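Since the structure comes first, as structure tokens, the remarks are kept for the end.
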Amino acid sequence: MMSAMSDSPAFTPLDDAAVAALERICGAERVLRAPEKLEPYTHDEHTSARGTPEAAVLAASIDEVAAVLRLANERHIAITPRGLGTGLVGGSVPAFGGVVLSVEKMARIIEIDGDNLSVVVEPGMVTGALQKAVEAEGLFYPVDPASLESCSIGGNVANNAGGPRAFKYGVTRHYVTGLCGVLGSGERFRWGGKVVKNASGYDLSQAVIGTEGTVAVATEITLRLLPLPPVVADLLLPFDDLFAAGRYVTALLRDLRIMPAALELVDGDCVRAAQVALERPVPHSDAAAHVIVELDGNDADAVWRSVEAAGEKAQSMGAREVLVADNPREREKLWEARRKVRDAIIASCPCRAGQDIVVPRGRLPGFLVAAREIAARSRMQATGFGHAGDGNLHFYLLGRGWEPKEFAKASPAVQIELMKKVLEMGGAISGEHGIGSVRRDHLRLATGAVELAWMRRLKAAADPNGILNPGKIF
Ligand SMILES: Cc1cc2nc3c(=O)[nH]c(=O)nc-3n(C[C@H](O)[C@H](O)[C@H](O)COP(=O)(O)OP(=O)(O)OC[C@H]3O[C@@H](n4cnc5c(N)ncnc54)[C@H](O)[C@@H]3O)c2cc1C
């Protein structure tokens, strides 16, 4: 048997006996083998990560997950956990065949506990559906990845997902108070619960969050909630100068001491791409950058005072106009272009490589300009959008006019140069999307030997036979 730490472990192909055992665990109808049934499990939303499993197993309970993992350990079968496949780094795509273990059938809310501001949920639940369900009870789960209508809460836990509201409210790990599931070893666990403070030894739930399905399969998640803020307003602020937009972000926080729920920056190229995709004019699409500010609270007067102050400051710092949206329809319209950017870029250029870097907030415009220069030296372009409040930028290296094969050959070296720039600026190579299979080279660049060794030790302790999501992260 190969060790968990091998870079190319050998796994046992699924034979008839293993398939029969899986069918005994889950029922034959939830063990998929036909190529057309397996196709959805051969990719996520990353454009080139591909891998075909020998079976996809749709587990419906922790008992089934535990039994599948026990079998995998006995027979050395590779297991790839999967939520709803919206990942952007190939994390839920099998690298060594074997079994994709999907939790899509485990999608129930087990309990909304209003008195304790808590929700207990199965991992396959769509994040946006969870949000709507708790909002109906006057409660708030603020983590809002742009994929929230299609990703799962278990996938969010596995990737420690964030979103625009991370600036004020934090990311997934800040809401997980309890986690239940099965380790790669096949051992079940139930850690934490509804308590919002817990200093009882190591916090093992937090150690598992963000491990991208390489350590455990989450089968039940307890999240803390907040009271739903009733007043929300958004501002759209077009700037002619990217650096002025960056200075405005700093001024809003430091000088006005305003804490927006979301603080986004969209570079002009991205705005124009979104405009094409939306097939309608976007206001000020010729600007160098759009800043979006979302303000929320309980007191309408207080929120409006902040809206006015934020708008006046923006105009004094070079914003062309202040566009305000304060009802759901207008707010949705204001965010539409921002939400469309990724699809728009994908549609606009077949030669592209997406990244998800984070730098100290004040350095974000400087990084974007440096990235454009680095790209231009190789006859490529760089454009970006993202969470200005967090310094987290989703940017794309584009090869307009390039042949796809040539771009695939030339772009990795440019990406390495860009990652070196990120690290030189005190940044990190992923703010939200993780490492998966496609960013492992970048992780090696960014991570010291001791840090990497500790990550491997944690993985080996939880998954001694290396059966869980092999070929990812390391
Ligand atoms: C248009 C678009 C916008 C996006 N915007 C954002 C954003 O704003 N912020 C952000 O953070 N991400 C974003 N993403 C990325 C993606 O949606 C998130 O990473 C999300 O958390 C993945 O959830 P999923 O259910 O689709 O997981 P999958 O893609 O199925 O899996 C992702 C990883 O989690 C593991 N996994 C899934 N479920 C479990 C489980 N129950 N137990 C253990 N491991 C598990 C998988 O093995 C894999 O490594 C975006 C993606 C798209 C396509």
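Because the structure is a prediction, the values reported are computed rather than measured. Residue numbers run from 1 in the order of the sequence given.
For F167, the ring-ring contact (aromatic ring centres under 6.0 Å, His included) criterion is met by no residue, not counting sequence neighbours. Scanning for side-chain contact (heavy atoms from CB on, under 4.5 Å) contacts around D115 gives D113, with sequence neighbours left out. By the ring-ring contact (aromatic ring centres under 6.0 Å, His included) test, Y175 is found to be paired with Y141, residues two or more places apart in sequence or in another chain being considered. Checked against ring-ring contact (aromatic ring centres under 6.0 Å, His included), F385 has the following partners two or more places apart in sequence or in another chain: H394. Q415 meets the side-chain contact (heavy atoms from CB on, under 4.5 Å) test with A353, Q355, L397, S411, H442; sequence neighbours excluded. Residues passing the ring-ring contact (aromatic ring centres under 6.0 Å, His included) test with F243: none are found, sequence neighbours excluded.
Contact of the I292 side chain with the L236 side chain is registered, since non-hydrogen atoms from C-beta on lie closer than 4.5 Å. Between I109 and M125 the shortest side-chain heavy-atom distance falls below 4.5 Å. Looking at E64 and K105, their side chains never come closer than 4.5 Å, going by heavy atoms from C-beta outward. Taking the side chain as every heavy atom from C-beta outward, E104 and L84 approach each other to under 4.5 Å.
For the pair T219 (side chain) and C180 (backbone), a donor-acceptor distance under 3.5 Å is present. A donor-acceptor pair under 3.5 Å is formed between the side chain of R272 and the backbone N or O of A287. Distance alone, capped at 3.5 Å, is enough to place a donor-acceptor pair between the N327 side chain and the R329 backbone. At distances below 3.5 Å, not a single donor-acceptor pair connects side-chain atoms of E111 with backbone N or O atoms of V120. When atom types are taken as modelled, the side chain of T177 and the backbone of G193 share a donor-acceptor pair closer than 3.5 angstrom. Looking only at distances, no side-chain donor or acceptor of Y41 sits under 3.5 Å from a matching main-chain atom of A55.
With salt bridges taken as basic N to acidic carboxylate O contacts below 4.0 Å, none links K459 and E212. Using a cut-off of 4.0 Å between Lys/Arg side-chain N and Asp/Glu carboxylate O, E264 and R338 are scored as salt-bridged. Contact check on D296 versus K168 returns a salt bridge, with a Lys/Arg side-chain nitrogen under 4.0 Å from an Asp/Glu carboxylate oxygen. With respect to E332 and R339, a salt bridge is recorded, a charged nitrogen being found less than 4.0 Å from a carboxylate O. Between E294 and R331, at least one side-chain N (NZ, or NE/NH1/NH2) sits under 4.0 Å from a carboxylate O, which counts as a salt bridge.
Within 6.0 Å of CZ on R190 lie no more than 12 heavy atoms contributed by other residues, nucleotides or ligands.
Each of V282, T383, D286 was compared with V271 under the side-chain contact (heavy atoms from CB on, under 4.5 Å) criterion, and only V282 meets it.
Side-chain atoms of T172 and N156 form no donor-acceptor pair, as typed in the model, at a separation below 3.5 Å.
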Q.
The test is side-chain contact (heavy atoms from CB on, under 4.5 Å); show your working for F395 and D267 and say whether it passes.
A. CA-CA 10 Å; F395 81 89; D267 143 329; over 6 Å; no
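Here the closest non-hydrogen pair linking I357 and N392 is O-ND2, 2.9 Å.
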